[in-house]
Amino acid sequence: MIKRILGIAIPLMTCATLFAQDYIMFQTQYLELRDGQHSALQAGVKKHNKKFHDGSNGPKAYLWYVSAGPYSGQYNWAVGPSKFADMDQPLSKAHIIDWEYKVAKYARSHGHIFMMRDEEMTYNPKNETVGENILMKRIPIKNGQEHVEAVENAVQKIADVLKKTNAKIARRVYRKAFPDGHQEIMLVYPFSSWTEFEGNVRGLPEGFQNSYEKIHGKGSFRKEVMDVLSTHSDGVTQEIMTMVK
């Protein structure tokens with residue numbers, strides 16, 4: 001019973017600590033086309049964003065097309081970086097009607113979450129917040145504090161090696177601000193060209209495993225990262241998103 005209580009309390013305390021500090025957060029949701037009208041939806045979202053989410057009077061909004069992953073063929077709409085205080089600003093009637101006419105008419109929204117960035121586990125050398133092309137790896141963690149700690153430790157060790165080797169790539173780490181019964185970590189890797197996925201590399205720099213094992217010992221990458229994620233998570237999914245401009 002005590003372990004169960006700690007398994008709930010510690011993640012909540014972690015979130016509370018993050019909320020108390022300055023933070024980077026995005027609100028995101030998927031848009032699933034109703035009748036396959038890609039051009040109509042893209043045009044509608046662009047007009048809506050320009051009118052109500054251009055960044056002048058609040059957080060800016062972005063639209064990505066999902067090319068690979070569980071929701072491939074759909075879109076991801078995000079607002080941010082934002083603060084919780086932004087949620088206290090009520091939407092005007094005109095704003096709601098505009099969304100219904102220009103966006104909801106063509107797509108069903110689902111999967112809305114608040115993504116809170118974990119700065120300690122993030123490696124972001126250029127201090128960027130938005131990527132035009134991103135690979136997102138989602139890691140749903142099994143219930144139990146031992147699982148949470150194991151996955152966090154693996155993700156942190158990768159960040160430490162990226163820092164020690166002065167890697168040229170970024171890897172931003174996010175959590176759900178309001179978990180829905182399961183802790184989840186989201187790894188966001190911006191990329192500039194699809195050629196970066198040639199071979200078996202997915203996000204991390206070429207030769208990263210060798211760099212990791214030079215620091216932690218031979219065979220450590222499989223033992224401390226791959227085996228840990230296999231044991232303590234419910235599998236890792238990968239999504240490719242490209243910004244619609």
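Keep in mind that what you see is a predicted model, and the values were worked out from it rather than measured. Sequential numbering from 1 along the given sequence is applied to the chain's residues.
Looking at Y75 and Q42, their side chains do bring a donor and an acceptor atom within 3.5 Å of each other. Looking only at atom types and distance, the side chain of N124 has no donor-acceptor partner in the side chain of T122 under 3.5 Å away.
For Y23 and F84, the gap between ring centers is short of 6.0 Å.
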Would you check, one step at a time, whether the test ring pair (Phe, Tyr, Trp, His ring centres under 6.0 Å) holds for F197 with F191?
CA-CA 9 Å; F197 300 123; F191 68 92; 4.8 Å; yes
Which is it for E119 and I24 under the side-chain contact (heavy atoms from CB on, under 4.5 Å) test, yes or no, and what are the steps along the way?
CA-CA 9 Å; E119 297 298 345; I24 291 176; 3.7 Å; yes
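Between H147 and H232, the two ring planes are tilted [angle within 30° to 60°].
One finds the CE atom of M136 at 9.0 Å from the CG atom of L187 (value rounded to the nearest 0.5 Å).
Here R108 pairs with E32, R34, H110 under the side chain to side chain contact (heavy atoms under 4.5 Å, CB included) rule; sequence neighbours left out.
At least one side-chain heavy atom of L229 sits under 4.5 Å from a side-chain heavy atom of V151.
Checked options K164, R222, K157, E224; the residue passing with Y212 is E224 (criterion: side chain to side chain donor-acceptor pair (under 3.5 Å)). Each of Y106, Y101, W99 was evaluated against H48; a single residue qualifies, W99, per the ring pair (Phe, Tyr, Trp, His ring centres under 6.0 Å) test.
Here L91 sits in one hydrophobic cluster together with I96; the rule is ILVMFWY side chains under 4.5 Å apart, joined directly or through other members.
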